[in-house]
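This report concerns only the one structure given below.
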Amino acid sequence: MSERKMVAVLSFFILVLVGVVVWQRLAFRSGTQKKLLGMAEELKNILDRDGGAGLMVFTDNKGLAALAAQINRLLEKHRKAKAGYYRSEMASKRMLSNISHDIKTPMTVVLGYLEIMRLKGECSGEMLEKTEKKARNVMELIDQFFTLAKLESGDTDMEMARIEAGGICRETILGFYEMLHFQWQAGSSGKEGAESSGEEAFCLEIDIPEEPVYVWGNKEALQRILSNLISNVIRYGREGRYLGVFLREKEEEIWIDVVDKGKGIAPEFAESVFERLFTMDDSRSRKVQGNGLGLTIAKNLALQMGGDIVLESVPCQKTTFTLQLKKAAHKVYGERNS
């Protein structure tokens with residue numbers, strides 16, 4: 001074969017190879033573009049229908065498969081964000097309804113007392129005392145809403161330090177002494193108080209170690225958490241006539257249990273008791289007077305201190321709210337009490 005024919009044959013094969021490569025490139029680009037257009041159309045349908053389906057792509061192209069996987073991740077985040085928005089919107093509507101009820105009720109009473117005093121033309125001490133009490137209830141409710149709003153917005157500057165939990169527990173319990181007649185039971189601390197008889201008497205059982213137990217937290221926040229938990233016992237666990245406060249140490253944490261033996265919390269409400277303005281069916285009775293903010297505030301304060309509050313309840317037997325906080329190192333010699 002002559003040299004000229006060899007060159008011609010090689011040139012032909014080269015042209016054929018170039019043609020095949022160009023055709024493959026064009027076919028690949030056309031196929032990829034077609035698949036991308038199909039993905040775009042399917043994604044548009046998913047968004048228009050607002051459904052829960054994901055993007056389905058059948059391809060050997062690893063790039064397209066990876067793109068589809070990331071799009072599905074975005075769709076899942078979008079669905080979760082939308083569900084969270086709807087939950088938040090429903091909670092806000094419920095909150096506004098409850099705020100209206102909780103503020104309107106005492107204000108109606110205040111206006112009624114003022115109207116009675118206006119018609120009688122005199123201001124009795126008893127009537128003024130009732131009016132002042134209702135007005136203070138409104139101010140307390142507004143203060144709780146303000147506190148919760150600051151906590152949820154992260155606008156609370158909480159100073160953390162090592163604090164002695166046992167002393168704070170005892171101090172908080174004593175703050176409720178005049179509210180209820182306690183019938184004391186001795187715990188491991190070995191102290192037993194005087195008994196008080198009567199139908200309204202609460203049996204108080206405490207188990208707080210004598211030696212200091214240090215936690216990492218904020219004293220005012222811990223006092224408020226305990227006050228809210230004990231107040232919750234008084235409002236909703238009153239039928240059991242029992243209040244237990246127990247301080248336990250577990251590895252790197254300390255647990256404070258606040259226990260009552262009232263009617264308890266049904267399992268279907270266990271996850272809802274820490275929600276804003278959640279109250280049981282009887283919470284708006286004249287005797288209970290709960291507003292559904294105490295446990296929410298307590299939970300938020302615990303979380304801000306790096307802890308948590310968990311609930312365990314067996315209706316009509318025993319209900320336990322457990323505050324979990326991080327343990328702090330023991331006090332060094334010569335350091336003052338916090």
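Keep in mind it's a predicted model, so treat the numbers as computed, not measured.
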[X] vs [Y] side-chain heavy atoms within contact, under 4.5 Å:
X    : Y    : result
V258 : L243 : yes
K261 : Q317 : no
K133 : E129 : no

For [X] and [Y], work out which heavy atoms get closest and say how close.
X    : Y    : answer
I208 : C169 : CD1-CB, 3.6 Å
M305 : N218 : SD-N, 3.2 Å
A221 : L301 : O-CD1, 4.0 Å
R162 : A328 : CG-CB, 3.4 Å
L295 : F274 : O-CD2, 3.7 Å
R170 : P209 : NH2-O, 2.9 Å

**Item:** D257 side chain to T322 side chain, donor-acceptor N/O pair below 3.5 angstrom
**Value:**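 Short answer, yes.
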*Residue M139 excluded, over 12 heavy atoms near CE under 6.0 Å*: no
Q) Would you find more than 12 non-hydrogen atoms of other residues, nucleotides or ligands less than 6.0 Å from E268 atom CD? A)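 Enclosed.
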Using the rule that two of Ile, Leu, Val, Met, Phe, Trp, Tyr join whenever any of their side-chain heavy atoms come within less than 4.5 Å, decide whether [X] and [Y] are in one cluster.
X    : Y    : answer
I168 : M160 : yes
I297 : I234 : yes
F176 : L229 : yes
I230 : L311 : yes
V273 : V310 : no

Does [X] come within less than 4.0 Å of [Y], counting only side-chain N to carboxylate O?
X    : Y    : result
E253 : K326 : no
E115 : R118 : yes
E220 : R224 : no

Exercise. Decide salt bridge (Lys or Arg N to Asp or Glu O under 4.0 Å) for D308 and K299; before the verdict, give the C-alpha distance in whole Å, the side-chain angles of both, and the deciding distance to 0.1 Å.
Key: CA-CA 6 Å; D308 199 3; K299 179 86 167 181; 2.8 Å; yes
Exercise. Taking T319 for its side chain and D260 for its backbone only, find out whether a donor-acceptor pair lies under 3.5 Å.
Key: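 Checked: no pair found.
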State the [atom1]-[atom2] distance between [X] and [Y], to the nearest 0.5 angstrom.
X    : Y    : atom1 : atom2 : result
R238 : F202 : CZ    : CZ    : 5.5 Å
E126 : K130 : CD    : NZ    : 4.0 Å
F246 : E205 : CZ    : CD    : 4.0 Å
N228 : F321 : CG    : CZ    : 11.0 Å
W255 : K250 : CH2   : NZ    : 3.5 Å
T131 : R136 : OG1   : CZ    : 12.5 Å

Applying side chain to side chain contact (heavy atoms under 4.5 Å, CB included), run through E171 and K219 and close with a yes or a no. CA-CA 11 Å; E171 182 181 331; K219 182 178 180 180; 4.3 Å; yes
- [ ] Go through the steps to decide whether K318 and Y242 satisfy the test side chain to side chain contact (heavy atoms under 4.5 Å, CB included), and finish with yes or no.
- [x] CA-CA 10 Å; K318 183 179 180 181; Y242 173 87; over 6 Å; no
*Pick from I254, L325, I256, I163: which one makes a side chain to side chain contact (heavy atoms under 4.5 Å, CB included) with V213?*
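One option only clears the test, and that one is I254.
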Test K120 against I116 for side chain to side chain contact (heavy atoms under 4.5 Å, CB included), laying out the working first.
CA-CA 6 Å; K120 288 186 175 181; I116 291 173; 4.0 Å; yes
Practice prompt. Evaluate side chain to side chain contact (heavy atoms under 4.5 Å, CB included) for M107 paired with V138, printing each intermediate quantity in order.
Written response: CA-CA 8 Å; M107 288 305 298; V138 175; 3.9 Å; yes
